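Written out below as structure tokens is the structure these notes cover.
Per chain, numbering begins at 1; letters A, B, ... match sequence-line order. What's counted below: heavy atoms across the whole structure, side chains too, no hydrogens, waters or symmetry copies. Just so it is clear, the structure is predicted and the values come from calculations on it, not from any experiment.
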Amino acid sequence: MSEPIIKIENVHKRFGRIEALRGVTLNVNEGEVVVIVGPSGSGKSTLLRCINRLEEYEKGSIIVDGIDLNNPHNINAVRSEVGMVFQSFNLFPHLKVLDNLTLAQRVVRKREKAEALEIGMKLLDKVGIPEKAEAFPGQLSGGQQQRVAIARALAMNPKVMLFDEPTSALDPEMIKEVLDVMAQLAREGMTMIVVSHEMGFARAAADRIIFMDEGVIVEENTPQLFFTSPTQKRTQDFLSKVLQI
Amino acid sequence: MEKEKNDAPDRELSFVTGGEVNVRQDPWWWLVVVVIAVVLLLILLAPVPFQEIIVFAKDGILVTILVTVVSYFLMLILGLFGGLGRLSKNKLFFGISSLYVEIVRGIPLLVQLIGWYFASPVIIQKLGLWTGIEALIQYRANPIITAIMAITVCYGAYMSEIVRSGISSVPRGQMEAARSLGMNYFQAMRYVVLPQAFRVILPPMGNEFIALLKDSSLVSVVAVADLTRRGREFMAAHFNPIETWLMIALLYLIMTLIAARVVSYIEKRARYDR
């Protein structure tokens, strides 16, 4: 393995008096799929949002693909290399689906209209809803919206994809269509960091599972070992709660 | 409305854009027609003085429209920057725009108009004497330009607050999504946040236009020959206040009613499904 594509070193972050991250260190290699699990308030989403600097951190360093995030001039450069998918989709409601996919390509990547449209249509094909190209986001189901959001992030040719609880806002019957798209991405070798409560997805698609609690990484392991023989007491407690259902 | 009955494949889409708004479906257009009919009837039944009033005041109508339209567009620009300033993290930009809004909002427009017209030339002339620049010493206030400036500054403050609330109404996730795609702040504002904020501020923006049209009558006190001032001149010459102010009121009414219909038309066109 060569140099890790994401190097997180001793990152601290606080919201007022609450310490959200208390010294997190994590390396992610190219092509790796890392799933972060943990109780709410454990700092998983905050860590993810620090990686593309949607949150600023006080201490530590994050280096993405050789670009140091501590230098504020690099932020836009990093963001166009890192795709982000949000819990609440955040599609642009005033633009048609296809325009959602082409906007940043044209504005940030400066692609020609024809090229952007071609890439956009190819990605809509990939996520399985090319027929919705001319629809507005408000006319789509939650699952379809989230798939468009994934396609929108992919249109920038990111080297890393971050997923912030991508299925938490979805009706149960729509979760699978989104997870299928994500699993396919993982198979294609995309580097992914996923914050999720979907243990089934974690078991099937992850190379590594990270358990966070109270702002620190408590345990990390392969899915196999993580679910069968967790070493830490807190991990065992958490798993006994989420797996008994 | 008819489109909803059709089973055309683009039915969904026409629903989203608000469909085509048929002028005849907006019943308030009838009010415009009725008021215009009343005016025409008055002219027909009693050309003296009603036709005379219109002939006398027609350049006043043009001045009123000119002052309204020009200050409206200038104050939109000022309001955009004021609103962005009110939301800015930059303390200087935030401070200046907040101070501007808070001060200007608290002073009556009439006082501001009179102040600009009578006080600002004196200040500029004094400045000219002090610096020795001849052009400034010779400065005389141009009534129309001064009036447009005063209205722009005053309404720009109201507009700043409208823009601020419009931008605040766009969910934070929109800015985050745009930024996470690599757009900078201005690109995200221009392509993502402002187009959505625009739909929210469209109704109050329309109201501001109508309010500004009516408030433009205040410029008559600073030697601008607008519709109101022309009305006063006509009344002074002919001593017929009832007919004069009836006609002037009707002319304002025609303008504001038409503006209100146009505003509601644009609002319907801009509606969309979230």
Side-chain angles (χ1 to χ4, degrees), chain A residues 48-49 51-55 73-97 99-110 131-140 145 148-149 152-158 160-164 169, chain B residues 3-4 6-20 88-91 163 166-203 205 266-274:
Chain A
L48 208 62
R49 291 163 61 86
I51 296 175
N52 70 354
R53 208 66 197 270
L54 283 180
E55 301 288 355
H73 296 296
N74 290 337
I75 289 176
N76 285 329
V78 165
R79 282 178 179 152
S80 55
E81 304 297 329
V82 178
M84 177 105 180
V85 175
F86 300 87
Q87 181 178 351
S88 49
F89 327 134
N90 295 347
L91 291 180
F92 306 138
H94 61 300
L95 298 176
K96 289 176 182 172
V97 164
D99 296 333
N100 263 276
L101 269 63
T102 55
L103 177 63
Q105 293 190 61
R106 303 204 56 199
V107 173
V108 180
R109 289 271 190 249
K110 310 283 181 211
E131 73 279 6
K132 296 291 184 189
E134 297 296 315
F136 282 88
Q139 298 168 305
L140 271 53
Q145 289 194 47
V148 172
R152 179 177 68 178
L154 289 175
M156 301 299 287
N157 305 105
V160 180
M161 286 284 283
L162 309 176
F163 294 83
D164 188 5
Chain B
K3 280 210 163 176
E4 286 191 9
N6 283 341
D7 259 357
D10 64 341
R11 206 180 105 198
E12 271 185 316
L13 291 182
S14 68
F15 163 71
V16 162
T17 53
E20 300 314 309
S88 173
K89 279 183 198 154
N90 182 324
K91 288 218 170 74
V163 169
I167 292 175
S168 310
S169 77
V170 177
R172 225 172 56 140
Q174 292 290 311
M175 178 55 104
E176 286 183 352
R179 298 303 300 273
S180 76
L181 287 165
M183 288 186 219
N184 63 35
Y185 174 82
F186 295 101
Q187 290 168 334
M189 267 292 164
R190 177 171 163 208
Y191 296 107
V192 176
V193 177
L194 285 180
Q196 294 180 58
F198 181 66
R199 288 174 160 91
V200 177
I201 66 180
L202 209 56
M205 246 173 82
I266 294 172
E267 268 170 39
K268 280 178 193 158
R269 286 298 302 262
R271 231 173 255 164
Y272 69 105
D273 199 10
R274 229 175 227 272

Test of understanding: with side-chain hydrogen bond (donor to acceptor under 3.5 Å, both in side chains), list the residues that count as partners of A:N52, not counting sequence neighbours. none

Could you tell me which portion of B:A188 (side chain, backbone, both or neither) has an atom closer than 4.5 angstrom to a non-hydrogen atom of chain A? neither

Please flag which part of A:R152 lies under 4.5 Å from any non-hydrogen atom of chain B: side chain, backbone, both or neither. both

Given that the side chain runs from C-beta out, which part of A:V82 has a heavy atom under 4.5 Å from chain B: side chain, backbone, both or neither? backbone

Begin with the C-alpha distance, continue with both residues' side-chain angles, and end with the deciding distance and a verdict on side-chain contact (heavy atoms from CB on, under 4.5 Å) for A:L103 and B:V192. CA-CA 9 Å; A:L103 177 63; B:V192 176; 3.8 Å; yes

Pairwise side-chain contact, B:L181 with A:V107, heavy-atom cut-off 4.5 Å (strictly under): no

When the 4.5 angstrom heavy-atom criterion is applied to A:F86 and chain B, the contacting part is side chain

As an exercise: rank B:G173, B:G182, B:P195, B:A178 by heavy-atom pairs under 4.5 Å with chain A and give me the winner. B:G182

So which of B:Q187, B:R190, B:E176 has the biggest tally of heavy-atom pairs under 4.5 Å with chain A? B:E176

Which answer fits A:L91, side chain, backbone, both or neither, if we ask what part of it has an atom under 4.5 Å from a heavy atom of chain B? backbone

If I compare all heavy atoms of B:M183 with all of A:N76, which pair ends up nearest, and what's the gap? O-OD1, 3.6 Å

Please confirm whether the backbone N or O of B:R199 pairs with a side-chain atom of A:H94, one donor and one acceptor, at under 3.5 Å? no

At what distance, to the nearest 0.5 angstrom, does CD of B:Q174 lie from OG of A:S88? 8.5 Å

